[in-house]
Amino acid sequence: DAVRKAAPAVVTLNVQSLVEVPIQEDTRQQLEQVFGKHLPRLTETKLHNSSGSGVILDQRGYVVTNHHVIAKAKKVTVNLNDGRTAEARVVGTDPDTDLAVLKIELDNLPQIIIANIDNLSIGDVVLAIGFPFRIGQTVTQGIISATGRNQVSQNTYENFIQTDAAINPGNSGGALVNADGEIVGINSLIYTETGNFAGIGFAIPIDLVSDVMTQITENGYVIRGWLGVEGQNVPLQLLESINLQIQGVLITGIDEDGPGDKAGLQVGDIITHINNKKIEDTADVLDLIAAGRPGDNFRIDGLRERQSFSVDAVLGQRPMRSL
């Protein structure tokens, strides 16, 4: 029943992109006969076909997938379970969360039901629906292995659901659904030493997906707060060794004339609280600042040369990353 509810809204994406590849060996040999054997590395542009998965989250035709699936796309074709196809327009992408929103122009589209992520528990049965290895729509079963996983990808913002439902190449952008057929996440990546499924996969939680989709459909991009500082986690053992009974993030760099610089933050400061919320690691800082909006006033408490300090920072807008 869960598959019957969710599967019609999970689509396959055929992606055409232009890629630079080394020239053929026979072509290189011909050029070497004319120009000599000390040629630089030569490439040619070729059309590359790849595939991925997507989910129709809105009956107006908005399809969510992973940014990495369509990042270099020149043309994206969406194939529905009912046999219909449509060329998709890229509405916007968010490389920081590895999400992208496409738009197709078709009527009577299926729409998946969005789960309440607060009801998600470790051990819940989940199903991964997608199109691995171009063999057709495939459903695999597993459980929620963990939530709140970070530092497992190159994404700036990470809060992954971990699952042992089989996820393989081609599943990216597909749906992770609960036993009621409601979507809980977008399947995004796997941990593997071979390139194939190894029992550890990651999905982007649907609440984050929905927020990104809303902002992209309304603005064309995602608006996030920006403090303009770089930091790193401070090991608790190190702080305890110098008799500091705190947790926090050490500021290691500050953008000149950025919001943090204007507020008076300094390299070497340890941020312990933001808006009275305790800071334990860099993910806490990223999430809190990103949840703000340009112009918001944030109170930052911390430690500077073993003395407590507080500053008020007016957030700027986080610079957008290019495709």
Side-chain angles (χ1 to χ4, degrees), residues 2-3 6-7 9-15 17 19 48-55 57 63-73 76 79 93-102 112 115 117 120-179 181-209 212-213 283:
V3 175
V10 183
V11 299
T12 181
L13 307 180
N14 292 325
V15 182
S17 54
V19 296
H48 176 72
N49 292 301
S50 60
S51 64
S53 304
V55 182
L57 283 188
V63 178
V64 172
T65 186
N66 286 131
H67 164 76
H68 75 260
V69 171
I70 56 89
K72 298 181 180 179
V76 180
N79 300 294
T93 70
D94 183 39
D96 286 326
T97 55
D98 192 25
L99 290 169
V101 179
L102 313 176
I112 205 163
I117 205 72
L120 193 68
S121 297
I122 296 172
D124 284 353
V125 172
V126 287
L127 306 169
I129 309 177
F131 295 82
F133 301 115
R134 300 190 184 186
I135 61 173
Q137 190 178 80
T138 300
V139 181
T140 55
Q141 176 181 306
I143 63 170
I144 298 296
S145 305
T147 58
R149 289 293 196 217
N150 55 41
Q151 298 182 339
V152 297
S153 76
Q154 299 300 312
N155 297 357
T156 303
Y157 302 101
E158 298 179 324
N159 184 28
F160 288 111
I161 299 167
Q162 182 181 327
T163 180
D164 65 349
I167 298 173
N168 284 291
N171 274 108
S172 291
L176 189 70
V177 305
N178 61 22
E182 302 166 336
I183 185 168
V184 299
I186 294 292
N187 298 320
S188 184
L189 73 154
I190 58 176
Y191 174 82
T192 176
E193 295 180 351
T194 64
N196 295 325
F197 173 68
I200 299 178
F202 300 99
I204 303 169
I206 195 60
D207 55 346
L208 174 58
V209 175
V212 168
M213 187 186 79

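Worth knowing before you read on, the calculation uses all heavy atoms, side chains too, and leaves out hydrogens, waters and symmetry mates.
Between I112 and A6 the shortest heavy-atom distance is CD1-CB, 3.8 Å. Taking both residues in full, the closest heavy atoms of A2 and A179 are given as CB-O, 3.4 Å, listed atom of the first, atom of the second, then distance. In terms of heavy-atom proximity, V15 sits nearest to A73 at CG1-CB, 3.5 Å. Taking both residues in full, the closest heavy atoms of L13 and G54 are given as CG-N, 4.3 Å, listed atom of the first, atom of the second, then distance. The heavy-atom pair separating I70 from A100 by the smallest distance is CD1-CB, 3.7 Å. Taking all atoms of both residues into account, the shortest heavy-atom contact from P205 to I161 is CA-CD1, 4.0 Å.
In this structure L189 satisfies the side chain to side chain contact (heavy atoms under 4.5 Å, CB included) test together with S153, F160, F202, sequence neighbours excluded. Partners of S17 by side chain to side chain donor-acceptor pair (under 3.5 Å), not counting sequence neighbours: none found. Annotation: side chain to side chain donor-acceptor pair (under 3.5 Å) contacts of S51 (sequence neighbours excluded): R134. Residues forming a salt bridge (Lys or Arg N to Asp or Glu O under 4.0 Å) with D98 (at least two apart in sequence, or on another chain): none. Every side chain to side chain contact (heavy atoms under 4.5 Å, CB included) that N178 has, sequence neighbours left out, goes to A115, D180, E182, V184. Residues forming a side chain to side chain contact (heavy atoms under 4.5 Å, CB included) with A146 (at least two apart in sequence, or on another chain): R149, Q162. Every residue two or more places apart in sequence or in another chain that forms a side chain to side chain donor-acceptor pair (under 3.5 Å) with S172 is listed here: H68. For the ring pair (Phe, Tyr, Trp, His ring centres under 6.0 Å) test, no residue two or more places apart in sequence or in another chain qualifies with F131. N150 pairs by the side chain to side chain contact (heavy atoms under 4.5 Å, CB included) definition with E158, A283, not counting sequence neighbours. In this structure N187 satisfies the side chain to side chain donor-acceptor pair (under 3.5 Å) test with no other residue, sequence neighbours excluded.
Two residues are said to be in side-chain contact when any heavy atoms from C-beta on lie closer than 4.5 Å; I204 and N66 meet this criterion. Side-chain contact between V64 and L99: present, with at least one pair of heavy atoms (C-beta onward) separated by less than 4.5 Å. In this structure, V69 and V76 have side chains that are not in contact, with every pair of non-hydrogen atoms separated by 4.5 Å or more. For the pair F133 and N168, the minimum side-chain heavy-atom distance is below 4.5 Å. Looking only at side-chain heavy atoms (C-beta outward), V125 and Q141 come within less than 4.5 Å of each other.
Looking at S53, its side chain never comes within 3.5 Å of a backbone N or O of G130 through a donor-acceptor pair. No donor-acceptor pair under 3.5 Å is formed between the side chain of T163 and the backbone N or O of S145. A side-chain donor-acceptor contact under 3.5 Å links T138 to the backbone of G136.
The CD1 atom of I186 sits 9.0 Å away from atom CG of L176, with the distance rounded to the nearest 0.5 Å. Atom CG of L102 sits about 6.5 Å away from atom OG1 of T65, to the nearest 0.5 Å. Atom CD1 of residue I122 and atom CD1 of residue I143 lie 9.0 Å apart, to the nearest 0.5 angstrom.
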With side chain to side chain contact (heavy atoms under 4.5 Å, CB included) as the test, would you mind laying out the steps for L208 and I117 before giving the verdict? CA-CA 10 Å; L208 174 58; I117 205 72; over 6 Å; no
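Considering V55, V10, I183 as possible partners of I129, the one that fulfils the side-chain contact (heavy atoms from CB on, under 4.5 Å) test is V10.
Identified under the ring pair (Phe, Tyr, Trp, His ring centres under 6.0 Å) test for residues 137-158, with sequence neighbours left out: none.
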